[in-house]
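Counting begins at 1 with the first residue of the sequence. Predicted, not measured: the structure shown is a model, and the values here were computed from it.
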Amino acid sequence: MTIDAREIEWLNDLVRQVAAAEIMPRFRNLDAGDVAEKDSATDLVTIADETAELEIAKALKARFPDALVVGEEAHAADNSILDGLASAPLAFTIDPVDGTFNFARGVPLFGTMLAVIQNGETIAGIIHDPVGGDSLLAVKGQGSFVRSPGKTDSLQKVAAPVDTADLVGAVSWNFVPEPTRSAIAGNLVLMNTGLSFRCAAHEYRLAATGGLHYLLYNKLMPWDHLAGVLIHAEAGGHTARFDGSSYNCSTLDGGLIAAPDEDSWHRVRAALFDGKA
C-alpha cells in the first residue's frame, strides 16, 4: 500500500474529527465515573480514551478491512493484539489521548497519535493537538510538516546542535528503574534543562519542530513512539535505544533517546548515563 497525500489527508481528518467529537467535549467536563486507574494512580483511562479509540478503529477497519489495528486501550484488554504488528502487511497504532493524566486534570497538554506500519516498517505518523487544532505529520521520505486548517503546510526541522551545557530536553521518569533514575536525575546538571510534560505527543512535537534538543524514554509501547520517532527522523533527527541500536515496532524495551543528530545523541547519552560533559 502507498500512503499518498489523499490517504494522509483522510487519516488526519479522521483523527481531527474524532478528537473534536469525542475528546474535546469531555475536556474539563469529566464526571468521577469517567476516569479510572489502570496500573497506578498516574496511569489513567477516561471515557474519552475509550470512545475516541473505538471510533478511530471502526473507521480504519471500514476503510482498510484487512489491516491490523492496535490501540492502547484494546491492548489493555488483550495483550496478544501486539503479536502480529511486525508481520502485518498493513497495521495502525492508535493512542487516542496521549497524556491522559494531564487531560483528566484539565491540563491542555495531550494529543492523539496514529502510526501506519507496513511489513514492520513505520511509513507514516500523525500527532494531532486537539486543543490547538493542528497536526504534525510525516510520510517516510517526504519530511515532517505541520498542517493547520486553512493554512499552507509548514515543513519542520529539528533544533541545531548545541554544546552539552546548553541542551534542553524532556526526560520521562515514570518507568526508569533505580539506581539509573537517580543517576540520570543527578547528571541533568550537566545540561541546561530536563523537563517532563507527561505527554510524548507534545514532547515529540517540540523535538521535531526545534523546541527541544533531546528526549529520553524508558517504556516503549508502540502507540507512544512509532509516530513520533518517524516524525522526528523526517525532521532530520536521530533516535536510538540506550545501547545505540535502532528502534522499530517490535521494540518494547531498551529505552530511547532522540537528539538532533548522531553526535548530539552520543553526547546526551554520555552526559545522562556516564556523567560526562
Fill in: pair Leu11-Leu60: side-chain heavy atoms closer than 4.5 Å
yes

Fill in: Heavy-atom donor-acceptor pair, Asn187 side chain to Ala183 backbone, under 3.5 Å
yes

Could you go through residues 137-144 and list every donor-acceptor pair under 3.5 Å that involves a side-chain atom there, pairing it with any protein atom two or more places apart or in another chain?
| from | atom 1 | to | atom 2 | distance (Å) |
| --- | --- | --- | --- | --- |
| Ser144 | OG | Ile231 | O | 2.5 |
| Ser144 | OG | Ala235 | N | 3.4 |

Practice prompt. Look at the side chain of Glu178 and the backbone N and O of Ser182, then say whether any donor-acceptor pair between them is shorter than 3.5 Å.
Written response: yes

Worksheet entry | Gly33 backbone acceptor or donor facing Asp31 side chain under 3.5 Å | no

Worksheet, complete the sentence: Closest heavy-atom pair, Trp10 versus Ala59, reported as atoms and distance to 0.1 Å, is CH2-O, 3.7 Å

Response to the item:
So CZ of Arg26 and OG1 of Thr46: to nearest 0.5 Å the spacing works out to 8.0 Å

List, one per line, each side-chain donor-acceptor pair under 3.5 Å for residues 156-172, sequence neighbours excluded.
| from | atom 1 | to | atom 2 | distance (Å) |
| --- | --- | --- | --- | --- |
| Gln156 | NE2 | Ser154 | O | 3.0 |
| Gln156 | NE2 | Ser154 | OG | 3.0 |
| Thr164 | OG1 | Arg267 | NH1 | 3.0 |

Fill in: Note: Arg147-Glu9 ion pair, threshold 4.0 Å (strictly below)
no

Worksheet item: Rounded to the nearest 0.5 Å, how far does OH of Tyr214 lie from CD1 of Ile257?
Response: 9.5 Å

Worksheet item: Quick check: does any side chain N or O of Arg181 sit under 3.5 Å from a backbone N or O of Val176, one acting as donor and the other as acceptor?
Response: no

Discussion item. Tell me whether Lys61 at atom NZ has more than 12 heavy atoms from other residues, nucleotides or ligands lying less than 6.0 Å away.
Written reply: yes

Fill in: Derivation of the side chain to side chain contact (heavy atoms under 4.5 Å, CB included) call for Arg205 and Asp134
CA-CA 11 Å; Arg205 180 187 179 104; Asp134 61 8; 2.9 Å; yes

Item to complete: Report yes if some heavy atom in the side chain of Leu136 is under 4.5 Å from a heavy atom in the side chain of Tyr204; otherwise report no.
Response: no

Discussion item. Tell me the closest heavy-atom pair linking Ala259 and His232, and the distance in Å.
Written reply: O-CE1, 3.1 Å

Worksheet item: When rounded to the nearest 0.5 angstrom, what distance separates CG in Asp34 from CG in Asn29?
Response: 8.5 Å

Worksheet item: Is the closest side-chain heavy-atom distance between Leu226 and Tyr247 below 4.5 Å?
Response: yes

Response to the item:
Hits for side chain to side chain contact (heavy atoms under 4.5 Å, CB included) against Phe175, two or more places apart or cross-chain, chain-then-number order -> Asn218, Lys219

Worksheet item: Can you tell me how far CG of Asp224 sits from OH of Tyr217, rounded to the nearest 0.5 angstrom?
Response: 8.5 Å

Item to complete: Check whether Leu14 and Val70 end up in the same hydrophobic cluster, where Ile, Leu, Val, Met, Phe, Trp and Tyr are linked by side-chain heavy atoms less than 4.5 Å apart.
Response: no

Practice prompt. Enter the distance from Phe64:CZ to Glu7:CD here, rounded to the nearest 0.5 Å.
Written response: 4.0 Å

Worksheet entry | Spacing of Leu68 atom CG and Leu85 atom CG [to the nearest 0.5 Å] | 6.0 Å

Discussion item. Using the side-chain hydrogen bond (donor to acceptor under 3.5 Å, both in side chains) definition, which of the options Thr251, Asp253, Asn248 pairs with Arg241?
Written reply: Asp253

Response to the item:
Here the side chain to side chain donor-acceptor pair (under 3.5 Å) pairs for residues 189-199, sequence neighbours left out, are none

In a table with atom names and distances, give each donor-acceptor pair under 3.5 Å that connects a side chain of residues 93-103 to protein atoms at least two apart or in another chain.
| from | atom 1 | to | atom 2 | distance (Å) |
| --- | --- | --- | --- | --- |
| Asp98 | OD2 | Ala200 | N | 2.8 |
| Asp98 | OD2 | Ala201 | N | 2.8 |
| Thr100 | OG1 | Asp49 | OD2 | 2.7 |
| Thr100 | OG1 | Val97 | O | 2.8 |
| Asn102 | ND2 | Leu109 | O | 2.9 |
| Asn102 | ND2 | Phe197 | O | 2.9 |

Fill in: Partner residues of Ala86 under the side chain to side chain contact (heavy atoms under 4.5 Å, CB included) criterion, sequence neighbours left out
Cys249, Ser250

Worksheet item: Salt-bridged, Glu55 to Lys58, with N to O below 4.0 Å?
Response: yes

Practice prompt. Answer yes or no: is there a donor N or O on one side and an acceptor on the other, between the side chain of Glu262 and the main chain of His238, under 3.5 Å?
Written response: no

Worksheet item: Going by the angle between their ring planes, with limits at 30° and 60°, are Trp223 and His75 parallel, tilted or perpendicular?
Response: tilted

Worksheet entry | Side-chain touch His202/Asp129, heavy atoms, less than 4.5 angstrom | yes

